[in-house]
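Just so you know, these numbers come straight off a predicted model, no measurement behind them. Worth knowing before you read on, the calculation uses all heavy atoms, side chains too, and leaves out hydrogens, waters and symmetry mates. We number each residue from 1, following the sequence as shown.
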Amino acid sequence: PTPPAARLLPDGSPGRTAPSPVPTAPGVPGPGGGQAEPVPAVSCPEIRDEQSRLGYRCIVDTLQQDAPDNLLGLRISLNAEVEPDWVLSEGSGNPRSVSGPPSDTVVVGWRQSPQPAGPALPSAAQVRDEVRRRPSVALQRGYGDSPSSRTMLEHVRSFGGVAGYELVTEIIINPAYRAQQNLATRTERLWVVGLPTTAGVSIFMLSIPDRRADLWPKAAATVATVHVL
């Protein structure tokens, strides 16, 4: 997708800006405008997203942590540029930790009341629905004008003994948008995994443009490393 630095220009237009430093305090605003926990500094090859309660491996060790991607709801965002204004990316987040922009009509927040024995975990249906929502959000925000997509794989899957949900989508960039932005990237594959955790529906996302199609066969093994901490 287009990197967060391009997505977050004040006028909403694509383009490069100086990389944002990874914040360590005071944290990313949470739902309702409150302050969430600070974003930890992480580095490849192993990622521990304590807030989202997920761990996983980097698909390539050259990924670098960027500022949180509020538009896609990822507190941990790691990127490697494959061409100007386009990145290979991997990351994770949870509904409580990162909120959408003010214009977003979808409130990204985990609102289920705590139970006497502790926070209730999301149901399998809630996990599935959130996983299905993420590619639609990504298509609206990260792939330019009028992209199209097709589902390659969708199923319930166990991750480290925890039942989760996986959805693999192929995204086709609009040819007119490609020409306008002078992009060589034609398609991208997006892996979205959802798991029920005490943080809510915790999400792992991996997007690989066709300019790094050599990594597509490695994606399944990378996704298999996702686990609840």
Side-chain angles (χ1 to χ4, degrees), residues 1-20 28-29 59-60 63-93 95 98-108 128-154 166-194 201 203-216 219 223:
T2 57
R7 276 198 292 263
L8 298 179
L9 282 179
D11 63 1
S13 64
R16 296 294 294 172
T17 62
S20 302
V28 179
I59 191 163
V60 290
L63 294 176
Q64 296 292 317
Q65 187 177 10
D66 205 338
D69 187 340
N70 282 11
L71 293 180
L72 298 186
L74 299 177
R75 175 179 287 275
I76 301 298
S77 178
L78 305 117
N79 299 311
E81 192 172 72
V82 298
E83 64 174 307
D85 294 332
W86 212 261
V87 295
L88 160 71
S89 64
E90 186 173 350
S92 52
V98 180
S99 61
S103 61
D104 193 350
T105 57
V106 177
V107 177
V108 182
R128 179 202 62 207
D129 291 347
E130 178 62 13
V131 169
R132 287 177 174 174
R133 188 180 75 86
R134 292 303 180 106
S136 64
V137 171
L139 280 167
Q140 294 169 21
R141 299 173 174 175
Y143 292 92
D145 301 329
S146 304
S148 58
S149 66
R150 69 181 183 95
T151 298
M152 299 183 66
L153 175 69
E154 182 177 10
E166 178 184 19
L167 175 59
V168 184
T169 305
E170 183 174 69
I171 297 168
I172 301 95
I173 312 303
N174 185 318
Y177 178 80
R178 288 182 56 244
Q180 180 186 35
Q181 302 300 322
N182 196 30
L183 288 176
T185 299
R186 295 174 179 271
T187 65
E188 183 161 303
R189 294 186 183 179
L190 175 66
W191 285 258
V192 181
V193 168
V201 181
I203 291 289
F204 165 86
M205 296 178 75
L206 170 65
S207 61
I208 307 177
D210 56 9
R211 289 177 66 82
R212 291 305 313 268
D214 59 299
L215 293 175
W216 287 348
V223 171

Problem set entry | Heavy-atom check, side chain of Trp86 versus side chain of Arg211, under 4.5 Å | no
Exercise. Any idea which heavy atoms bring Ser207 and Tyr143 closest together, and the distance?
Worked result: CB-OH, 3.9 Å
Seminar exercise, completed: Looking only at heavy atoms, the pair that brings Glu81 and Glu83 closest together is CG-O, 3.0 Å
Exercise. Do Leu190 and Glu188 come within less than 4.5 Å of each other through their side chains, counting heavy atoms only?
Worked result: no
Problem set entry | Side-chain touch Gln180/Asp145, heavy atoms, less than 4.5 angstrom | yes
Problem set entry | Nearest-0.5 Å distance that lies between atom CG in Leu215 and atom CG in Leu88 | 6.0 Å
Problem set entry | Inter-residue atom distance Asp69.CG - Ser92.OG, 0.5 Å rounding | 11.5 Å
Exercise. Taking all non-hydrogen atoms of both residues, which atom of Ser149 and which atom of Thr169 are closest, and how far apart?
Worked result: CB-CG2, 3.7 Å
Exercise. Is Val193 close to Val131 at the side-chain level, that is, under 4.5 Å between some pair of heavy atoms?
Worked result: no
Exercise. Does the side chain of Trp216 come within less than 4.5 Å of Asp210's, by heavy atoms?
Worked result: yes
Exercise. Is a side-chain donor or acceptor of Arg186 paired with a backbone partner of Ile173 at a separation under 3.5 angstrom?
Worked result: no
For this session: Give a yes or no answer on whether the side chain of Glu90 reaches the backbone of Leu63 with a donor-acceptor pair at less than 3.5 Å.
Result: no
Problem set entry | Residue pair Ser89 / Leu78, side-chain heavy-atom distance below 4.5 Å | no
Exercise. Closest heavy-atom contact between Pro209 and Thr185?
Worked result: CB-CG2, 3.9 Å
For this session: Please report the closest heavy-atom contact between Ile203 and Gly194, naming both atoms and the distance.
Result: CD1-CA, 3.9 Å
Problem set entry | CG-CG distance between Leu153 and Leu167, expressed to the nearest 0.5 angstrom | 8.0 Å
For this session: Please check if atom CG in Asp214 has more than 12 non-hydrogen atoms from other residues, nucleotides or ligands closer than 6.0 Å.
Result: yes
For this session: Please report the closest heavy-atom contact between Ala219 and Ile208, naming both atoms and the distance.
Result: CB-CD1, 4.0 Å
Exercise. Donor-acceptor pair, Arg134 side chain versus Leu72 backbone, under 3.5 Å?
Worked result: yes
